[in-house]
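These notes are about the structure you will find just below.
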Amino acid sequence: MNQAQSEGQRSRATILWTRCALLGIVVFFIGVGWLGSDFGRHWDEHWMVAAWVETIEEEAYRSPRPYPGFYYDLTLPSLAWLSVQSPNREALLSQVQSPDFLISVRHQFVVFS
């Protein structure tokens with residue numbers, strides 16, 4: 001085996017270990033965030049819940065106020081999926097205001113942030 005081949009193998013091994021280490025760090029942080037997402041109430045989450053309720057009441061999937069911004073847009077797929085599964089508006093409103101929906105949204109935040 002010549003020197004160029006051994007350097008190539010070492011660089012491949014280094015790249016592989018680096019990628020594995022980065023993947024491990026990402027998985028660790030997502031796992032810790034996921035486990036810690038049920039921490040109770042947060043000081044500004046009532047704005048998000050109010051925005052979801054206004055969206056359902058107006059039947060328009062757009063942000064009814066400027067505050068939520070990107071975080072509101074990030075939760076739209078979950079809100080749309082929940083609206084397909086709910087039999088009526090009252091059931092949808094109760095599900096959106098439930099802690100389970102809020103925790104699922106927090107899980108989305110953990111994965112995408």
Side-chain angles (χ1 to χ4, degrees):
M1 188 187 257
N2 62 23
Q3 184 178 0
Q5 287 178 337
S6 65
E7 286 178 11
Q9 287 179 348
R10 272 189 269 151
S11 65
R12 283 190 209 125
T14 303
I15 290 171
L16 180 64
W17 279 109
T18 304
R19 289 181 180 174
C20 287
L22 285 173
L23 180 64
I25 290 169
V26 168
V27 167
F28 172 77
F29 281 113
I30 288 176
V32 167
W34 193 280
L35 291 174
S37 63
D38 187 10
F39 56 81
R41 298 190 52 85
H42 192 264
W43 67 272
D44 69 344
E45 282 179 337
H46 68 278
W47 290 101
M48 292 296 296
V49 174
W52 297 325
V53 168
E54 287 178 23
T55 297
I56 293 167
E57 288 173 349
E58 294 177 9
E59 295 181 359
Y61 287 103
R62 60 178 172 71
S63 180
R65 56 182 77 191
Y67 175 71
F70 171 73
Y71 297 111
Y72 176 84
D73 296 337
L74 183 65
T75 60
L76 278 181
S78 294
L79 190 59
W81 178 251
L82 195 61
S83 68
V84 169
Q85 294 177 335
S86 297
N88 55 32
R89 185 186 296 181
E90 289 77 24
L92 180 60
L93 282 171
S94 68
Q95 287 177 335
V96 164
Q97 294 171 342
S98 73
D100 292 336
F101 183 72
L102 194 58
I103 290 171
S104 71
V105 167
R106 288 177 186 169
H107 288 162
Q108 287 177 349
F109 291 161
V110 165
V111 172
F112 287 108
S113 62

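Residue numbers run from 1 in the order of the sequence given.
Rounded to the nearest 0.5 Å, atoms CD (Glu57) and CG (Leu93) are 5.5 Å apart. Considering CG of Leu76 and CH2 of Trp52, their distance stands at 10.0 Å, rounded to 0.5 Å. With rounding to the nearest 0.5 angstrom, the CG atom of Leu74 is 12.0 Å from the CG atom of Leu79. Atom CG of Leu102 sits about 11.0 Å away from atom CD of Gln97, to the nearest 0.5 Å.
No continuous path of hydrophobic side-chain contacts links Phe112 to Ile103 [ILVMFWY only; heavy atoms under 4.5 Å]. Note on Val32 and Ile25: same hydrophobic cluster, where clusters join Ile, Leu, Val, Met, Phe, Trp and Tyr whose side-chain heavy atoms are under 4.5 Å apart, directly or indirectly.
Under a cut-off of 6.0 angstrom, the local environment of CZ in Phe29 is sparse, with at most 12 non-hydrogen atoms contributed by other residues, nucleotides or ligands. Annotation for Phe28: atom CZ does not count as buried by contact number, only 12 or fewer foreign heavy atoms lying within 6.0 Å.
Within the 4.5 Å cutoff, side-chain heavy atoms of Met48 are placed close to those of Thr75. Contact annotation: the side chain of Leu23 never approaches that of Arg19 to less than 4.5 Å [non-hydrogen atoms, C-beta and beyond].
Under the 3.5 Å distance criterion, the side-chain polar atoms of Ser86 are left unmatched by any main-chain donor or acceptor of Ser83.
Closest approach of Val110 and Ile30 over heavy atoms only: CG1-O, 3.6 Å. Smallest separation of non-hydrogen atoms from Ala91 and Pro87: CB-CD, 3.9 Å.
A side chain to side chain donor-acceptor pair (under 3.5 Å) with Ser37 holds for exactly one of His107, Arg106, Gln108; it is His107.
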